[in-house]
Number of protein chains: 2
Amino acid sequence: MTTVQRAAGPVSAAANGARHDPLERMFDPRSIAVVGASTDPGKRGYQAIRALIDAGYPYPIYPVNPKGGNLLGLTVLPHVSHLPAGVDVALIATPAQTVPRVLRACASAGVAGAVVLANGFRESGPSGIELEEELREVVAATGIRVVGPNTSGILNVSGGANLVGLPDVPPGPISVIAQSGNMLLSLVAESRAARGPGFDTYIGLGNQSDVRYDECIAYLARRETTGAIAVHSEGFRHGRELIATLADVTRHRPVVMLRGGRSEIGKRTALSHTGSVAGSDAVATAVLRQAGVELVERSDELAVVSGVLATTPPVPAGRGVVVLSDGGGHATLAADALSAAGIELAELSPATSRRLRELLGPAAAVGNPVDVAGATDDDPERLAECARCLADDPCVGMVLVVGLFGGYHLRFDSGLQGAENLAARRLAELAGTTGIPLLVQSLYEPDRPENHAILRASGVQVLASIDHAVRATIALYRRGRYLSTMEDRGEFRVSLSAAEGGQEVRPLDEPSGRYLLEEAGIDLGPWRLVRSARDAEAAVAAFGGPCALKVVSPQAVHKSDLGGVRLDVTPGTAEGAYTEIVDSLRSAVPDAEITGVLVGPMAPRGVELLVGATVDPIFGPVVAFGSGGILVEALRDVTFRAVPFSALEAKEMIQETLVSRLLSGHRTLPAVDLDALSEFLVMVGNFVATTPELAELDLNPAIASGSSIRPVDVRVVISDS
Amino acid sequence: MTTVQRAAGPVSAAANGARHDPLERMFDPRSIAVVGASTDPGKRGYQAIRALIDAGYPYPIYPVNPKGGNLLGLTVLPHVSHLPAGVDVALIATPAQTVPRVLRACASAGVAGAVVLANGFRESGPSGIELEEELREVVAATGIRVVGPNTSGILNVSGGANLVGLPDVPPGPISVIAQSGNMLLSLVAESRAARGPGFDTYIGLGNQSDVRYDECIAYLARRETTGAIAVHSEGFRHGRELIATLADVTRHRPVVMLRGGRSEIGKRTALSHTGSVAGSDAVATAVLRQAGVELVERSDELAVVSGVLATTPPVPAGRGVVVLSDGGGHATLAADALSAAGIELAELSPATSRRLRELLGPAAAVGNPVDVAGATDDDPERLAECARCLADDPCVGMVLVVGLFGGYHLRFDSGLQGAENLAARRLAELAGTTGIPLLVQSLYEPDRPENHAILRASGVQVLASIDHAVRATIALYRRGRYLSTMEDRGEFRVSLSAAEGGQEVRPLDEPSGRYLLEEAGIDLGPWRLVRSARDAEAAVAAFGGPCALKVVSPQAVHKSDLGGVRLDVTPGTAEGAYTEIVDSLRSAVPDAEITGVLVGPMAPRGVELLVGATVDPIFGPVVAFGSGGILVEALRDVTFRAVPFSALEAKEMIQETLVSRLLSGHRTLPAVDLDALSEFLVMVGNFVATTPELAELDLNPAIASGSSIRPVDVRVVISDS
């Protein structure tokens with residue numbers, strides 16, 4: 001065996017010198033084994049080697065097949081044990097049943113990581129689940145890293161390490177992590193059809209049995225050749241680690257994400273596809289945004305938004321977007337879509353408008369959007385002059401050119417081609433010198449005019465679709481705002497331990513729940529637990545206004561149904577109310593254990609809110625905020641934040657809800673102090689973050705009025721671990 | 001002059017024989033004049049004639065220019081008056097100021113209609129508004145019809161009547177009406193890039209000073225060569241006529257619409273672009289849907305949805321959609337998007353799933369979506385077999401194929417090309433014989449494989465984008481449902497007169513409003529107007545439960561603030577309450593005129609709804625329905641229907657709102673009888689339709705519980721016309 005290893009050539013020690021990180025070795029390998037190498041051109045075991053050779057992969061390739069022999073000019077090793085020590089990655093193209101055995105052999109041979117193509121694991125039912133368990137045991141026992149199983153492979157475009165079998169992937173700044181091989185095909189097809197930026201690295205995670213999203217994202221963020229990370233996922237595990245990694249990565253690299261398996265039927269489909277179980281879509285949406293991820297809703301937005309974010313600077317915070325159009329229809333549509341997304345359109349200075357008027361004459365609209373109204377038809381350079389003039393306005397943070405640019409010589413006069421090329425150069429120069437993002441949408445993009453190539457060569461993206469251009473603009477705008485507020489955002493600690501699913505949980509009685517919150521410094525307003533009618537009267541008198549009385553008893557979960565609640569109690573009616581409450585419960589549940597009666601002032605008139613917390617099975621403890629009272633479930637007006645979070649994040653959370661529209665003194669409702677409300681949410685977040693035994697918290701409704709937030713009911717559930 | 005007319009050749013009488021409709025003559029002309037003909041190839045007056053000749057326009061073309069001479073082989077007439085009598089359409093390419101004069105001359109020469117290109121009218125400010133007024137006066141005085149001004153022109157593709165100057169528009173079934181020339185350019189560019197269906201007729205309405213949307217839609221629906229009508233609009237006028245026309249047309253032709261000018265800034269942009277003033281976006285959205293229009297939100301959906309609807313049968317009502325995928329990622333995304341749109345995914349019969357299992361083996365997912373999981377990679381015909389098997393299932397109303405189809409020979413093995421072509425033929429045959437819609441999404445569409453051409457030649461559309469495929473599927477599904485419920489939908493009468501804006505309006509006192517509604521048969525529950533304390537007591541006693549008392553006085557608009565309302569009044573407190581109410585008002589407004597006091601039972605516990613009516617400036621009288629009480633404005637949870645409408649339409653209206661989620665007995669709320677609520681809305685709709693003096697109706701909140709709908713306050717505003 002030793003002889004054969006020598007024959008195949010030892011892996012260069014120099015090449016692997018400082019490379020201790022197995023992921024770095026896998027994704028940028030200096031040696032590759034293909035286990036299950038085949039002479040059949042229809043098999044992945046042939047295609048992979050073919051693809052490596054075609055891509056000019058410069059390092060050793062080791063085909064492995066018991067048959068031995070030669071393949072495409074390479075010596076085929078009969079067994080994994082014949083590999084030289086320290087191969088970086090093994091592509092395993094053998095059937096599912098063989099995988100654990102092959103993996104063990106690879107680990108013995110010092111292979112850093114394996115890419116397992118076979119399906120028939122978790123996604124395929126009970127026997128597959130068992131097989132995947134075995135695979136995980138090998139990983140745990142040996143330390144070998146595994147991408148997959150049920151993956152399409154991995155690809156390092158510039159390094160030629162093509163383990164996905166897809167030829168001619170254009171090189172560029174986009175790195176992709178996906179759970180479906182078709183997603184890479186789609187992205188490459190779309191990017192190629194749209195002449196968009198190409199690709200750096202692809203990682204197909206498949207069932208993500210070992211190597212996970214968070215690790216890959218962290219690795220890709222370290223690659224200088226990666227400008228943006230595009231993620232497709234059908235479900236995460238280790239969500240807390242994921243958002244911690246994302247919050248860190250998005251500070252210096254944009255991450256764009258498309259999620260499948262969001263609907264009930266989609267979840268089922270994802271389960272049978274990659275064995276993924278998705279958690280709550282609403283929680284995932286909220287916490288991924290919190291971590292700075294740009295979420296896209298449509299699959300055709302993933303490539304385009306990633307491509308633009310990878311190549312174009314974000315919109316400087318505090319400035320707006322200007323639309324420069326040579327057609328009113330597109331200007332209107334762009335303005336509509338940007339407005340709907342809450343993007344600020346720059347208010348042009350009078351000087352800018354005057355200058356545009358000089359350039360464009362009386363028919364043009366010189367507000368924002370700017371509609372040149374035909375004034376550039378015979379002189380495309382004038383459009384570039386307008387863009388320059390707009391970029392000079394200090395309110396302008398981005399110029400979005402929409403309409404015909406690049407097609408003037410096709411639409412109006414072929415003699416304009418030179419002028420149009422010149423205009424493209426001027427636009428490119430503008431983008432290069434001002435640092436302000438410039439994006440061009442042109443309905444002549446499919447005609448592939450030369451001037452678009454000029455723009456792209458300078459890093460200015462040209463898009464055919466106005467919808468894509470608007471979507472990318474939204475992403476650039478949001479990213480600018482996000483980056484400018486980094487200091488006001490909370491940091492995630494991964495170590496946060498939390499109650500895990502499957503544990504026994506029990507509700508605390510309301511006074512115990514209140515004590516717990518108050519110990520954490522959360523102001524719930526005045527209340528008292530009393531144990532006699534006389535104490536009840538004294539408490540009501542002390543509060544100086546009508547009060548609510550609630551029985552506290554482990555046997556009275558549904559207090560109201562058991563007559564255990566009295567509202568609008570005055571000092572005069574307090575003793576009677578106390579007695580009635582206790583008697584009601586005793587007659588309903590004769591041996592009820594009565595802890596006491598909780599007395600508190602009636603909640604003031606205000607806005608009914610929900611404040612709560614739960615432990616998401618994927619993302620861990622999150623705080624919930626939204627419309628309270630009877631409407632909360634019906635309206636589903638609730639959003640989430642992973643804990644802990646900052647006041648800025650709490651404010652963003654509030655703004656995401658419909659109920660936020662009621663907080664500024666709507667009709668006869670009192671106005672709510674947003675600082676006080678955010679602070680309350682931050683305190684709740686801190687409490688949740690520091691209370692690992694917490695399973696559930698429910699303050700619903702919490703009545704907000706001015707700077708007071710008064711929960712009517714406090715429900716705390718803890719896990720007994 | 002007579003001589004010159006003869007020289008130019010008389011318009012063939014036969015050609016215009018039965019053609020009395022000026023719009024038909026304009027849009028399918030047998031003779032064309034180009035006023036402002038030019039020898040300058042940069043001018044529309046040259047390009048138009050060039051385009052007509054290039055398109056092989058077979059009928060007479062009359063260039064008009066004072067210079068006379070020859071142009072592209074045609075004799076140039078020196079003046080419009082030299083035209084032969086009865087020219088069908090004149091393209092007017094002269095400057096704005098000359099237009100009224102030219103139009104008058106055209107009318108004198110018996111020209112049926114004119115297309116006015118010039119801008120500088122309503123969209124450009126005061127002097128333009130004046131000029132457009134003059135244009136309208138010529139129209140009114142002479143009867144000549146005008147498309148524009150500020151239009152890009154019109155185009156009849158098959159007839160060669162190219163008055164838009166855009167060459168090589170592919171012929172096909174889509175007709176387009178737009179308010180922006182760029183929209184046609186976009187649609188043509190998109191359709192060409194996507195190899196989608198081509199175009200039949202284009203009408204650029206520009207400022208729609210004379211010829212309007214409704215007329216053009218009705219005309220296009222009469223064209224047998226038009227399969228679907230794609231509409232882009234920045235604002236309508238005569239909305240009532242429009243929806244009446246649409247409701248009629250959509251029974252036999254799909255109409256797809258993209259609207260610009262929906263946001264505030266978009267409205268401003270549209271105003272400066274086409275002089276359009278948009279009304280309420282929420283009203284327009286609701287009533288256009290009511291009239292059967294498929295509204296698209298993104299500009300890139302207009303061509304694709306129109307193209308699919310023009311060529312593909314709708315999904316039969318009562319059946320669901322099945323997704324057939326050769327990649328799990330796309331299957332999941334499609335399932336998510338269809339679910340989110342409320343599209344029913346077919347529940348496959350066990351026999352179908354068994355058959356699929358036989359075809360596809362153990363790795364496949366044989367529910368819906370079907371994921372072949374690689375089982376067709378080496379045999380694309382198997383995919384066609386699966387489609388056949390699915391189409392045979394009586395629950396299946398549409399097969400959406402997503403993934404790689406058409407690219408198997410590119411992805412896996414070039415030897416598969418023949419099999420893939422055969423599979424395409426079988427899919428095409430399937431679509432042809434079953435009448436069930438079949439749509440193919442393929443990420444290999446940009447590679448233009450032959451098998452896609454085979455599918456398209458048989459009318460099966462192939463789309464590159466999964467998002468587009470899903471959007472088109474939604475449209476086919478909705479259209480099937482719409483067509484199957486035609487008999488249960490109301491009919492619009494255009495003649496409905498309604499209170500117009502700008503009139504004096506006055507609120508009725510509440511009893512008068514109630515009488516008016518009750519005369520129309522609307523049950524508001526028991527109430528009485530009393531004029532003495534004793535009558536108040538008697539009324540409260542008669543109602544047999546706690547009552548609300550409200551003062552009725554023209555001086556007490558804000559009753560509550562003036563102490564004019566008492567709640568929970570019992571027989572024992574009624575006299576006192578009456579006296580207090582009257583005294584309160586008298587002390588606040590000493591000379592208040594008191595009509596009486598309105599007594600009614602307290603509203604039962606129930607769901608707070610808003611029922612109302614308003615006269616939309618564009619679409620006329622509409623009924624509003626949504627969340628009531630304090631939340632209504634904040635949540636904007638309200639939708640509309642043009643009156644009158646049917647019970648089915650009322651139910652659809654209810655289902656569009658968030659508050660509908662509270663109607664089935666949410667938590668402690670009582671359930672609401674949907675039939676009773678729909679009937680109530682229908683009655684309100686009928687009342688509004690037959691009460692032309694009505695300016696506003698507001699039943700807010702109306703408390704719904706079981707089959708009772710009890711408005712707490714009734715506010716009726718009428719116009720004094």
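Naming convention: chains lettered A, B, ... in sequence-line order (proteins, then strands); numbering from 1 in each chain.
Once rounded to the nearest 0.5 Å, the distance linking NE2 of A:His232 with OG1 of B:Thr332 reads 6.5 Å. The structure places CG of A:Asp447 at 7.0 Å from CZ of B:Arg192, a figure rounded to the nearest 0.5 Å. To the nearest 0.5 Å, atom CG of residue A:Asp637 and atom CG of residue B:Asp637 are 11.0 Å apart. Between atom CG of residue B:Leu185 and atom CG of residue A:Leu410 there is a gap of 11.0 Å, rounded to the nearest 0.5 Å.
Contacts of B:Ser465 with chain A are made by side-chain atoms alone, with heavy-atom separations under 4.5 Å and no backbone atom involved. At a 4.5 Å heavy-atom cutoff, the contact between A:Ala331 and chain B is made by backbone and side-chain atoms alike. Heavy-atom distances place the side chain of A:Gln47, and not its backbone, under 4.5 Å from chain B.
Heavy-atom pairs under 4.5 Å with chain B peak, among A:Leu404, A:Ile466, A:Val188, at A:Leu404. Between chain A and the options B:Leu443, B:Val470, B:Asp326, B:Asp467, heavy-atom pairs under 4.5 Å are most frequent for B:Asp467. The greatest number of non-hydrogen atom pairs below 4.5 Å with chain B, out of A:Asp377, A:Asn368, A:Val659, A:Leu333, is found for A:Leu333. Contact count versus chain A (heavy atoms, under 4.5 Å) is highest, among B:Ser339, B:Ser660, B:Pro446, for B:Ser339. The residue among A:Asp300, A:Asn119, A:Leu658 with the most heavy atom pairs within less than 4.5 Å of chain B is A:Asp300. Heavy-atom pairs under 4.5 Å with chain A peak, among B:Val323, B:Leu345, B:Asp378, B:Leu338, at B:Leu345.
Of the possible polar contacts, none joining the A:Asp413 side chain to the B:Gly42 backbone as a donor-acceptor pair under 3.5 Å is found. B:Asn182 contributes no side-chain N or O that, together with a main-chain N or O of A:Gly329, makes up a donor-acceptor pair within less than 3.5 Å.
A salt bridge links B:Arg298 with A:Glu301: the closest approach of a Lys/Arg side-chain nitrogen to an acidic carboxylate oxygen falls below 4.0 angstrom.
The shortest non-hydrogen separation linking A:Ser186 to B:His330 is OG-NE2, 2.8 Å.
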